[in-house]
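Contents: one structure, followed by commentary.
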Amino acid sequence: INVNTDPVLDFDGTNDYVHAANHASLNVGTGDYTLSCWFKTTDTDQKFLMGKGSGGGGGKRYNLYIDDGGELATEIDDDGGYTQWSGSTTVEDGSWHHAALTVDRDSATGGQLYLDGHTDGAATNVTSSQLTLDDTGKKFTIGILSDDESSTALDGQMADVRLYKEALSSDDIKILASKINGDSSLLSAGTTNLSAWWKLNEGTGISIADSAGSNTGTAHNFAMSGTS
């Protein structure tokens, strides 16, 4: 794993988070998608890495988080069918890890979590959630479930957050897991379906650039120091 020396965002576990406003490029609809990021934490509570949608029952959402058992986890909820599953490896060890989720909505083995480039747990049937996942009233959030759910805030660091509107191959996931903020053109998927890419390496200010498009994020409550 090549962990570069760029600044990263340091989340305090209380109220630090990043959001990007609702936009069509952040709504996956009924399509396939991939979530990818780097993180490190020793926090033993449930905490969210990224996602978009409602925080409670009766809503629509897709996300990637760490459950209260310390494993990667995800929810897919179209307000009609709900799928949730977790990985099999504890990740709260204070080391940098790469996390990814690929979702092929039409496949009985279409849901797969990855940790550090390798599958984490069994593939999951995601065909029960075939309706749109879009909640256009919600922002895309990083480091928290939603901007009104502080109990899910991450205590740790994050970098290189990406959303692809396709289920990436296992080979592409290995490339993403080889280096923080690695070159997207090296993937077989290229950048065609890369909908958003927040490197989180600004170090100063509250504006978080989207290197794939126009979904500029806003950092909330961070004590920016030039390194975090």
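Everything numeric here is computed off the predicted structure, so don't read it as measured data. For the single chain, residues carry numbers from 1 onward in sequence order.
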Checklist outcome for this item: The salt bridge (Lys or Arg N to Asp or Glu O under 4.0 Å) partners of Lys52 (sequence neighbours excluded) come to none

Item to check | Check: Asp155 main-chain N/O paired with Thr41 side-chain donor or acceptor under 3.5 Å | outcome: yes

Next on the checklist: Contact between Asp43 and Ile66 at the side-chain level, heavy atoms closer than 4.5 Å - yes or no?
Outcome noted: no

Checklist entry - Are Glu166 and Thr102 close enough that some pair of their side-chain heavy atoms sits under 4.5 Å apart? => result no

Next on the checklist: In the structure I gave you, are the side-chain heavy atoms of Ser170 and Gln112 within less than 4.5 Å of one another anywhere?
Outcome noted: no

Next on the checklist: Counting C-beta onward and ignoring hydrogens, is there a side-chain heavy-atom pair between Phe140 and His23 closer than 4.5 Å?
Outcome noted: no

Checklist entry - With a 4.5 Å limit on heavy-atom distance, are the side chains of Leu163 and Leu35 in contact? => result yes

Checklist entry - Can you check whether Thr136's main-chain N or O pairs, donor with acceptor, with Asn22's side chain at less than 3.5 Å? => result yes

Checklist entry - Taking the side chain from Trp198 and the backbone from Asn215, do they hold a donor-acceptor pair closer than 3.5 Å? => result yes

Checklist entry - Any side-chain donor paired with an acceptor under 3.5 Å for Asp183 and Ser185? => result yes

Checklist entry - Do Thr83 and Ser128 have side-chain N/O donor and acceptor atoms under 3.5 Å apart? => result yes

Checklist entry - Which residue pairs pass the salt bridge (charged side-chain N to carboxylate O under 4.0 Å, His left out) test with at least one member in residues 11-29, sequence neighbours excluded? => result none

Item to check | Short side-chain to backbone donor-acceptor contact, Arg105 and Gly110, under 3.5 Å | outcome: no

Item to check | Note: Lys60-Asp79 ion pair, threshold 4.0 Å (strictly below) | outcome: no

Item to check | Flag, side chain of Asn63 to backbone of Glu75, donor-acceptor distance under 3.5 Å | outcome: yes

Checklist entry - With a distance cut-off below 6.0 Å to the six-membered ring centre and an angular limit of 45° from the axis, does Lys199 pair with Trp197 as a cation-pi contact? => result yes

Checklist entry - In terms of ring plane angle, is the pair Phe39 and His97 parallel, tilted or perpendicular, where the classes change at 30° and 60°? => result tilted

Item to check | Check: Gly29 main-chain N/O paired with Asp134 side-chain donor or acceptor under 3.5 Å | outcome: yes

Item to check | Reference residue Arg162; test side chain to side chain donor-acceptor pair (under 3.5 Å); the match among Ser184, Ser211, Ser36, Ser195 | outcome: Ser184

Checklist outcome for this item: Taken in chain and number order and not counting sequence neighbours, the residues that satisfy side chain to side chain donor-acceptor pair (under 3.5 Å) with Asp45 are none

Checklist entry - Is Ile144 close to Phe11 at the side-chain level, that is, under 4.5 Å between some pair of heavy atoms? => result no

